[in-house]
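By convention in this document, chain letters (A, B, ...) are assigned in the order of the sequence lines, proteins followed by strands, and residues within each chain are numbered from 1. All heavy atoms count here, side chains included; hydrogens, waters and symmetry mates do not.
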Amino acid sequence: MAVDELQAIIQRCQILEEADFKGEDFNLFQVAGQKCLEDGYAAQLLEVIKNEKNKVIVKNMGWNLISPLVRCIFMYKQEDDKREHCLKILDQLAQLCNPKELFLGLLEQIEQTSGEQVCQTVMLLLQPLQTVLLKLQNKKAYSVGLSLAMIMNQLTPLPVPYTKQQIQEDKLGLCQCCNAVVDFAKPFVNEVVKNMEKSSECNDMELKEELLKFCMKSLNYPLLTAQLEQLEGIEEHPFRHFATEIVDILWDIGELIPLMFLHHKGKSPHWQNQEFADIERKNSADSLACLSYLIFVQNFGIDCFPMVFSPSYLLQCNMTHIEVLLKRTEESTLSKGLDLFESCLLRMEDNSLLHQYLEFRDFIDVPQDLVKVMTLCPIEHLRKKSLNILQLFIDKFDAEGKYTLFRCLLKTSNHAGVEGYIIKNIKDQVHLSLTKACDNIWFKGHHLISLLDLALLLPEGAETDLLQNSDRIMASLNLLRYLVIKDCESDNQTGVWTMLAKIEQNFLKPLHVGLNMSKAHYEAEIKNKKENRREAHSSNTVCSVTVSGEKMPAMTTEMQLQVLHSALFTFDLIESVLARVEELIEVKIKAVMDE
Amino acid sequence: QVVKREGSGTESPMIGDKVTVHYTGWLLDGTKFDSSLDRRDKFSFDLGKGEVIKAWDIAVATMKVGEICRITCKPEYAYGSAGSPPKIPPNATLIFEVKLFEFKGEDLTDDEDGGIIRRIHKKGEGYSKPNEGALVEIQFEGRYGDRVFDRRELQFEIGEGDNYDLPHGLEKAIQKMEKSEESVFYLKPNYGFGSAGKEKFQIPPDAELQYEVKLKSFEKAKESWEMNTDEKLEQSCIVKERGTQYFKEGKYKRAALQYKKIVSWLEHESGLSEEEDTKAKSLRLAAHLNLAMCHLKLKEYSQALENCNKALELDSNNEKGLFRRGEAHLAVNDFELARGDFQKVIQLYPSNKAAKVQLVTCQQKIREQHEKEKKMYANMFQRLADKDVKSAATLQTSHTEDAEMKDEQNGVEEKAEVDAEA
């Protein structure tokens, strides 16, 4: 019987000296113990372990029982007595066993779990692990670091619950587990704090560094991809709680403020291990960006943050983080980037951002990233949001800044919609400069002419695809119309009259040609289709479109005609505005000539 | 907006200095919203750089060490209409009590070992700074103790300071300067001339040095649309100098790159004032002429030709343009065209001896070619006439004649002329 076997080996070892324990003794003990557990004799095993006389044996051999123990615990149901016994055994082992070996045993167990079992196992073993670590003398910091790293490694492959429903369900137990890990780390944080208070020079750098690594890792996973907004109906949002705890830890170990300004000063986190540093640099960029988000958007830890920095400086510091976040494609990360950007911009007054800030590389890169989101992101609310933020960004700059930004975006965005939007902005700025009595030189005179050169043109001359560029063309025509109406030739504040000949040549004439060509082309197409319709209704499609594995139905002739007609409508629209503009120009010129 | 209370000490901090303070801040209604004392950690920042709210930049600059003062900040000097959520509402007047503990010159070293300390006299413009390889223009004065050992105006490339007797600490320092900035740098020996000292300036080993530097301008690596017209003109001048330098060192490819920048920046620039326009045109002209020269050196004749044509578009009677085009034609054996160009040069600039020489060469070449062609055709008919045994032997002769012609082709005249037009 299992218990008897156990007793046998126990008795044999009781008389031996510790040093005489042999390999086979260990094996026998393990096998016997394992059998006891599996056969349901957990209670007896517990007695054996609690027995004072067996202390030495348990101390040396106990750690081998971890594996079967954990297995059994998961086998039994919650209310089962045997489970209780097992848990008590675990507890005893934590108290009695050799800390070093038990530590390895526990860690091994964690390493071996995977998938759905991970969180459960981790949460089960956190308590004994903590007990053991607190007992370790040398290499405590290293072991703490190792444990935290191992745990986080095991958790990382798990998907992060995102929607309210997913969080409430917490199928895999990740939310619970994360918070449990943070509680697990608390005594070590306290130790670091105590050490720091004792001497102004923190001599326990190692433990502090391990905790720092843990925090950086948590910022990356799960916090970077987690949903961190307040959710209705969820009282204690687990990830918000986790985030707050992490920020608190960073604050307690005195690393919160230094981390915030690390990137800006151009230094990287001071790791003692150099090769680790290289790998971590990319990850640390993500973590620091997440930290910024937590502090500035969710206001975690804002109490500890000095409230004297100027908003432009904060924007400058955060640009690197915003760039990191905007370059990602997951909704969770992208939206954090947009929120962070928005929050920084809202702290500033309009027209207060000096144009010199555009000399920083990221002040140019970030709006371009924003344009990419606006045009390419499949998620509609993010596209809309990025457009709003772009407008905010434009508004914050002084006149010269706006001017330079417009030039930049006109040249780099390659998207008719964006270009149209910028041209509209130009019109607004010209309007402001003409109506207010301010001495804004950037949207008048020869500076404006330079800008008009970029705005009032057809990218491929008369062969430009008018449909695709219709947004841009309409905006340009509106701009021109505005200039012609508002600015008298005698005044010529905007300089548009001097440029008129050039505009006619480069823009208006080719536009006429293009319109004629396009209209003729489309009208011919329509005629063709109508004639074809009377003939065979064959479905000899030249090409087909497949979306998500489903073949799209071929467009019926009706639909095709609809499309062609709406194209013609667009051309008519453009032509009418064009005609109006030319009319206005003529009237004005005549008025001057008549004088 | 500033109301002081107590004070002590002598000097006040300067722009760029790192200042350390303790402070507490209140809203008008008495709510404390922040205090470094609560954090048990002094607060440090760089003065005068816009890192903190305006009121602080102004107020702290007037304080002395040990001074405690109480400042009242109107919203325009604090957080304005936006406020600073969540703690500071919009349009809030803030009250701070600040104690200045210390200030020190900015440490520019990577390891913060105090090797290079800067105190700024006059702040620079903008935020960009020269980086490695940038061409900078400085005016400086080097001091050891009381003695000034080096006073110069200099233009050089960062990284080559050694060739100009500049300690590498100074180069590092310059890389942190902004345009038009005037500062003084204190260098420790290991950032100065070290244990070797500098005999030329009579500097002993392990000497601490002091340099007063004014950064007049520097080359910026920007896109065309990033710069406004003034900047483009300015940078074009700098880049032209650089190109000239490379040319003199025989680095033709690199020189060409520099000149190409000028072309790309200024080619489509519009809306220029008259003055700017003239300047731009002259820079472009110089750029094209110099590019032509570079391409000739690199034996890229079609590109040389293109640039000459562009130059001549700007100035149809330009001496160098015509001459270089002539050379390009000559090099690809378009002797007639070459002759045309050289003739025009001589016509407009009779004193141009080189053109005369080349013209003679052209005439000679043309004659030679005619001769050879005549011979070749003559031989050909001869051969056709006596169709027999002689064919093999005469074919051989015509081959050697071909070879001779090739050998005699002139390369381009070696001229180290580069445009130094303003």
Check your understanding: So which part of L346(A) gets closer than 4.5 Å to some heavy atom of chain B, the side chain, the backbone, both or neither?
Key -> backbone

Practice item. State which residues pass side-chain contact (heavy atoms from CB on, under 4.5 Å) with H415(A); sequence neighbours excluded, sorted by chain then number. Key: T375(A), V418(A)

Point to revise | Any donor-acceptor pair under 3.5 Å from S310(A) side chain to G50(B) backbone | key: yes

Review point. If you look only at pairs with a residue in residues 308-320 of chain A, which of them pass as a salt bridge (Lys or Arg N to Asp or Glu O under 4.0 Å), with sequence neighbours excluded?
Key: none

Point to revise | Options S84(B), P86(B), G80(B), ranked by heavy-atom pairs under 4.5 Å with chain A, top entry | key: P86(B)

**Study point:** Structural part of S81(B) lying under 4.5 Å from a heavy atom of chain A
**Key:** both

Practice item. To the nearest 0.5 Å, tell me how far K32(B) NZ sits from M307(A) CE. Key: 14.5 Å

Exercise for review: Identify the residues of residues 347-356 of chain A whose heavy atoms come closer than 4.5 Å to a heavy atom of chain B, ordered by number, or report 'none'.
Suggested key: R347(A), M348(A), E349(A), Q356(A)

Point to revise | CG on D34(B) to SG on C304(A), rounded to 0.5 Å | key: 9.5 Å

Check your understanding: Would F45(B) and V308(A) satisfy side chain to side chain contact (heavy atoms under 4.5 Å, CB included), going step by step from the backbone distance to the final call?
Key -> CA-CA 10 Å; F45(B) 69 98; V308(A) 292; over 6 Å; no

Revision key, fill the gap. Cut-off 4.5 Å, heavy atoms of chain B, and the answer for Y357(A) is both

**Study point:** Where at least one partner belongs to residues 302-315 of chain A, residue pairs that pass salt bridge (Lys or Arg N to Asp or Glu O under 4.0 Å), sequence neighbours excluded
**Key:** D303(A)-K87(B)

**Study point:** Proximity breakdown for I88(B) and chain A, heavy-atom pairs closer than 4.5 Å
**Key:** side chain

Revision key, fill the gap. Looking only at heavy atoms, the pair that brings Y79(B) and F309(A) closest together is OH-O, 2.7 Å

